[in-house]
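Start at 1 and go down the list; that is how both ligands and their atoms are numbered. This chain uses plain numbering: 1 for the first residue, then up along the sequence. Nothing here was measured: the structure is a model prediction, and the numbers come from that model.
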Amino acid sequence: MSNWGHKHIIDLSSFSFEDYKEVLELANRFKRLPQAGSRKLPALQGRLIATLFFEPSTRTRSSFELAAKKLSADVQSFSPSSSSLSKGETPLDTVMTYVAMGAEVLVIRHSSAGVPAQLAKYLDQKNKKVAILNGGDGLHSHPSQALLDLFTLTNYFDNVNNSPECLFGKTITIVGDILHSRVARSNLWSLTGCGANVILCGPKSLLPEDFVRFAKEPPSDQKDDPIIKRGDITICRSLKDSLKKTDALITLRLQKERMSENLISNLNSYHHEYGITHKKLEWCDKAIPVLHPGPVNRGIEMSSKLLEDSSICLVEEQVSNGIPIRMSLLYLLAATNTN
Ligand code: ASP
């Protein structure tokens, strides 16, 4: 019996432990389907899902489209350069066009934080039966990426049950350009929400001190935190000290397109200090998995050799896991929409 109560998925601050559990359980079932011989499910047959990416994307958009097709949905995608946006149409008018065509879930990516939330509010005021799924907005949030990261970690730590319980008390380090990362912000909600303690590691210019206060309070439009006891967030500037304590590592891209000024003067010294290599992983006191949301700058945040070592680096697994996670999100939203 589903307890799903979200009409839209904008960020993970409102997710309860039960929500994480439900998404992961469903994703686990979808992930095992090909082995059982059934390649496509009729679950969303005849339902229209639109992917409206106002900002470029490779894996998120293809992953959502594949996920929708695996549930037999009709998928309509939109590309800003060949659309009426180039004639001056606003994102709101674009959205209303797809709503008028009968789309039930709109996956939206935008370079400005808050756009998916504003659109969801507008659609609710108009009583439209359409769900917004945030595909990444500015520096704010990228919920499906954080959920596929969570799924990849639970797969690693508890291959049998794949339950978020296995993260309780674990230490997960996030290293790199945290300031400009919507993925890190969403990871912080999901990891601490599942009881993991997070170490943030990076230079001051990419990781301001006040990140330790992140997730201490729910956002202003939300009453309470649905998580009773979140894991802790600490900052550690030394990669060596972070690696000694960690059970898993998430590295992040230097997101130059989101920086208002150049905050890294020398890429070689950044790689020297924070780039991950086989050699630096020897600082860990155990074997740990390395994740990265992609796209990867080879030789900057991670060496090419490590990126290609699938015994440690789980990037390919993250990409594969993105499909069952997004199937699960689309399914939960579209199913709620009929009630
Ligand atoms: N693909 C992720 C995002 O859209 C991470 C990145 O761009 O570095 O935020």
*asked:* With a heavy-atom distance limit of 4.0 Å, tell me whether R182 approaches ligand 1 through its side chain, its backbone, both, or neither.
replied: side chain

*Hey, is K7 close enough to D124 for a salt bridge, meaning N to O under 4.0 Å?*
yes

*asked:* Nearest 0.5 Å, please: how far is CG in L188 from OG in S141?
replied: 11.5 Å

*When hydrophobic residues are tied together by side-chain contacts of less than 4.5 Å, even through go-betweens, does I108 share a cluster with Y98?*
yes

*State whether K244 and D285 are salt-bridged, where the test is any N-O pair (Lys NZ or Arg NE/NH1/NH2 against Asp/Glu carboxylate O) under 4.0 Å.*
no

*Which is closest to atom 2 (C) of ligand 1 by heavy-atom distance: S181, G136, G294, S57?*
G294

*Nearest protein heavy atom with distance in Å, relative to atom 7 (O) of ligand 1*: R253 NH2, 2.9 Å

*Residue H142 vicinity, atoms of ligand 1 by number, heavy atom under 4.0 Å*: 3 (C), 4 (O), 9 (O)

*asked:* For E55, which part has a heavy atom under 4.0 Å from ligand 1: side chain, backbone, both, or neither?
replied: neither

*Which of the numbered atoms in ligand 1 are below 4.0 angstrom from a heavy atom of R109?*
4 (O)

*Kindly compute the distance separating CZ (R237) from OH (Y274), expressed to the nearest 0.5 Å.*
7.0 Å

